[in-house]
Amino acid sequence: MTFNTTLDSIKTYEAGKPIELVVREFGIPENEIVKLASNENPLGASPKAIEAIIQNACNAHLYPDDSMFALKKALSQFYKVQSNEIIIGSGSDQIIEFCIHAKANQKSKILMAKTTFAMYEVYAKAVGAEVIRTASHQHNLKEFLESYQQHKPEIIFLCIPNNPLGECLDSKETFDFLKQVDENCLIVIDGAYQEYAKAKDSTKAINPKTLIEIFPNAIYLGTFSKAYGLGGMRIGYGIAQQEIIQALLKLRPPFNLTTLSLAAALEALKDQEHIQKSLQNNLMQMPSFEGFAKEKGFLYTPSYTNFITYYFESPLDSTQIADYLLQRGMIIRNLASYGLNAIRITLGTHEQNKKFFTLFEQYLDER
Ligand SMILES: *Cc1c(COP(=O)(O)O)cnc(C)c1O
């Protein structure tokens, strides 16, 4: 069978390996496996969100509230925007997809950093759009401006902070850049790790309300998958002026979130104490990862997220390291598919991180 030729250039997205795979392939008991690969919250979801999932299980036969009234209202109060300035998706991944479908086609150009979230490219290529990347791996606004002026893209993706590298643009500099972009260019600010950035350095915080007040062509994306610990429930959202939201809503399939997801997100948002605890754990664990890199002589990007990226020099090889750790029940993310000799490690609990350092030491000793 033949398929759309746009699929020819798409590489299937390689998600963080699931725990079940390590159980199957290496026969390691599930409780001995540590997954530090998908930037999940090691403290789990708020207990109140878990309780809401259980409480709502008896409504599994009913379709969810398709207007998502309660969650939109809660998000609108949290961010001090209007409910009709919010769209909710099955993960913010789905909102990325809507943005591209609403704005791009095979004649379009889409601008992004050289090394950034892989799904931007997948959805861009699916509509046949041309992907333009800046020269530097990390976000560099001077390069973005030059590329913007040269190519006049339909969409610009800024991942703030950036996955998988961990760097974070300054919010004032970002706003200065956005002022130079034409109003017909859609600017997507992916804030999947904004909670972590804001906790570390307030000058990195992007306020969605301020953003959309100044820029009618910008959309802010948030997710419940990272700091909120609900990756398994698939909830993300976009915040923009009504014109953008109304365009995206045309592409939204009905009932794109489950009753359980909506209930969980609502409780998770209320439980800010749990978020603070999660952000504190992250801030406390980060120095040991930086210290380990310094001690071993690896380069790393100072991170504004809940992960850190280590870069290696030959003969150290990220694929070999990732395989070694995987076979011993430690799942981390190899960045070889990004063309980097690097790994990305999600910060876990103190115990999980200790296990990572021990196994890595062991690898270095055995070489
Ligand atoms: C995890 C992530 C997302 C979206 O995750 P969802 O689970 O689909 O909400 C979006 N952007 C970046 C950069 C991410 O790391």
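Numbering of ligands and ligand atoms starts at 1, following listing order. Heavy-atom basis, side chains included; hydrogens, waters and symmetry copies ignored.
- With respect to the salt-bridge test (charged N to carboxylate O, under 4.0 angstrom), the residues Glu195 and Lys226 do not qualify.
- Among residues two or more places apart in sequence or in another chain, the salt bridge (Lys or Arg N to Asp or Glu O under 4.0 Å) test is passed with Glu25 by none.
- Taken together through direct or relayed side-chain contacts under 4.5 Å among Ile, Leu, Val, Met, Phe, Trp and Tyr, Tyr237 and Leu230 form part of one hydrophobic cluster.
- Protein residues with a heavy atom closer than 4.0 Å to ligand 1 are Gly91, Ser92, Asp93, Phe117, Cys159, Asn163, Asp190, Ala192, Tyr193, Thr223, Ser225, Lys226, Arg234, listed by chain and number.
- Relative ring orientation between Phe144 and His139 is described as parallel, the plane-to-plane angle staying below 30° on a 0-90° scale split at 30° and 60°.
- For Tyr304, the ring pair (Phe, Tyr, Trp, His ring centres under 6.0 Å) criterion is met by no residue, not counting sequence neighbours.
- Under the salt bridge (Lys or Arg N to Asp or Glu O under 4.0 Å) criterion, Arg328 pairs with no residue at all, not counting sequence neighbours.
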